[in-house]
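Note that the structure is predicted; figures quoted are calculated from it, not measured. Each chain gets a letter, A, B and so on, in the order its sequence line appears, and its residues count up from 1.
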2 protein chains.
Amino acid sequence: MTIQESGTTRPAGRPRSEKAERAIIEATLDLIGEGMGVSELSIEAIASRAGVGKTTIYRRWSNKEDLVVDALSTLKSPLPPLSGTSVREDLIALLDAMRRESGQARSRCVMNIAMSESDRYPRLMERFFKRAIEPRREALRAVIERGIASGELRPDLDVELGTAVLSGTMLWYTKWGPAGDLAPDLAERVVDAALHGLTP
Amino acid sequence: MTIQESGTTRPAGRPRSEKAERAIIEATLDLIGEGMGVSELSIEAIASRAGVGKTTIYRRWSNKEDLVVDALSTLKSPLPPLSGTSVREDLIALLDAMRRESGQARSRCVMNIAMSESDRYPRLMERFFKRAIEPRREALRAVIERGIASGELRPDLDVELGTAVLSGTMLWYTKWGPAGDLAPDLAERVVDAALHGLTP
DNA sequence: AATTTACGAAACGGCACCGTTGCGTATCGG
DNA sequence: CCGATACGCAACGGTGCCGTTTCGTAAATT
């Protein structure tokens, strides 16, 4: 053995192309980003878009769902840094990250899929949720729990209800708000409305 | 002329079957209610489900989109009666209607379509929005404006922000809340959280 | 009764995609 | 160089749906 990678023998023959693999996943995300539902994605369209033979796709994934799972899993969810100075500031930081993401076509369409196809592709969505949704929800939950502990939030506050109010409101604007980008100060206004309530 | 209906001459020949028409629309809504996206609906599946020949469908609608528009338009949106005694009570009535609807598979799937396919079928969705979504939003808006006028809500409240907080929170529970039916007192809790805020 | 239109069923040619196979070429280890 | 594997490409037979047409029958008007 001349070259050996961490104890695993490299199989003989030409190695699989990393470039092709990335191109396939990029093409998949592109098509999803253009509004394709999972059921409308065709392997042939992905192969064509990626400049790749169908063989190269089938060699790696046995079916479309597995491919989509892997493609969605590559979407990073970098949570914004939280200053920790106040609950209000941290909430604004989290919600403003949602606002910024909602401006990207790819993120919007992925969200569409997450919301509408979870019944038909439960396996796919379970994995995607764990990867992309759960960390954000957990961050929000942590901020709220910290706020309850510090007295910045009601001691009897239902944490889930708090997350629902905050991210649900942003979700509403994303889908049904005025067309185009969301107002830059939206997160701040939503947080203040949620914190202080609609009554005088 | 022997029998004449309200000034319009009935054309000769066998009249179109009202029963077949309803069966077609029912079948369409059934399939949508089972999780079908618009793009996955096939005329053949609808015809088969309705016990009808494809001819009978094509005679009435020239394409799938027109059929879906008509089918969705038959979905009633009976707004709940508002007591008008207080903003809080009216809001609870409106949000509880959303909660009850979210338990019905057909309503859930229609909502899925409304949220995820609005990019691909803008014409369809525009009409559906006007029919099913806009009246509810308008009712919510009216209650909020009345509350501002009566002093029950902040005088400087952004009406759209208020609707976003209320219906967005319900939306969040519908899609991402705990599985199964929503808690019967959810609307009340959401309204109180929105009215009084998350702070002590 | 004659005419007209609608009905359900079946079949049509066409198309897009399926998943697989064969081909000639490219890229690796030995 | 040799064997092995991956590559892009093209073609395969199969399937499901398209929108249309044909057929025999049913239900209305005149």
What distance do I46(A) atom CD1 and I57(A) atom CD1 have between them, rounded to the nearest 0.5 Å? 5.5 Å
A20(A), nearest nucleotide to its side chain (from dG8(C), dA28(D), dC7(D)): dC7(D)
State whether [X] places a side-chain N or O below 4.0 Å from either non-bridging phosphate oxygen (OP1 or OP2) of [N].
| X | N | value |
| --- | --- | --- |
| T56(B) | dG8(C) | yes |
| R59(A) | dG8(D) | no |
| R16(B) | dA6(C) | yes |

Rounded to the nearest Å, what distance is computed from the [atom1] atom of residue [X] to the [atom2] atom of nucleotide [N]?
| X | N | atom1 | atom2 | value |
| --- | --- | --- | --- | --- |
| I46(A) | dA16(C) | CD1 | P | 18 Å |
| K19(B) | dA26(D) | NZ | P | 14 Å |
| E18(B) | dA28(D) | CD | P | 12 Å |
| E21(B) | dG8(C) | CD | P | 12 Å |
| L67(A) | dC18(C) | CG | C1' | 15 Å |

Which parts of nucleotides 10-24 of chain D does protein reach within less than 4.0 Å, heavy atoms only, written one letter per nucleotide 5' to 3' as B for base, S for sugar-phosphate only and - for none? -------BBBBB---
Please evaluate the base of dA27(D) for a donor-acceptor partner in the side chain of R14(B) within a cut-off of under 3.5 Å? no
Contacts of T85(A) meeting side chain to side chain donor-acceptor pair (under 3.5 Å) (sequence neighbours excluded), chain-then-number -> S83(A), E89(A)
Only distances under 3.5 Å count here; give the side-chain donor-acceptor pairs of residues 19-28 of chain B to other protein atoms, sequence neighbours excluded, each with its distance to 0.1 Å.
residue, atom, partner, partner atom, Å
E21(B), OE1, R60(B), NE, 2.7
E26(B), OE1, R106(B), NH2, 3.0
T28(B), OG1, I24(B), O, 2.8

NZ/NE/NH1/NH2 to OD/OE distance under 4.0 Å, R123(A) and D66(A): yes
Close side-chain approach of L161(A) to Y173(B), heavy-atom, < 4.5 Å: yes
Within the 4.5 Å heavy-atom criterion, are W172(B) and M170(A) side-chain neighbours or not? no
Comparing G13(B) with R60(B), nearest DNA chain C nucleotide closer to 5' gives the residue G13(B)
How do A12(B) and V52(B) order along DNA chain C: which one's closest nucleotide is nearer the 5' end? A12(B)
Would S150(A) and E152(A) count as having a side-chain donor-acceptor pair, cut-off 3.5 Å? yes
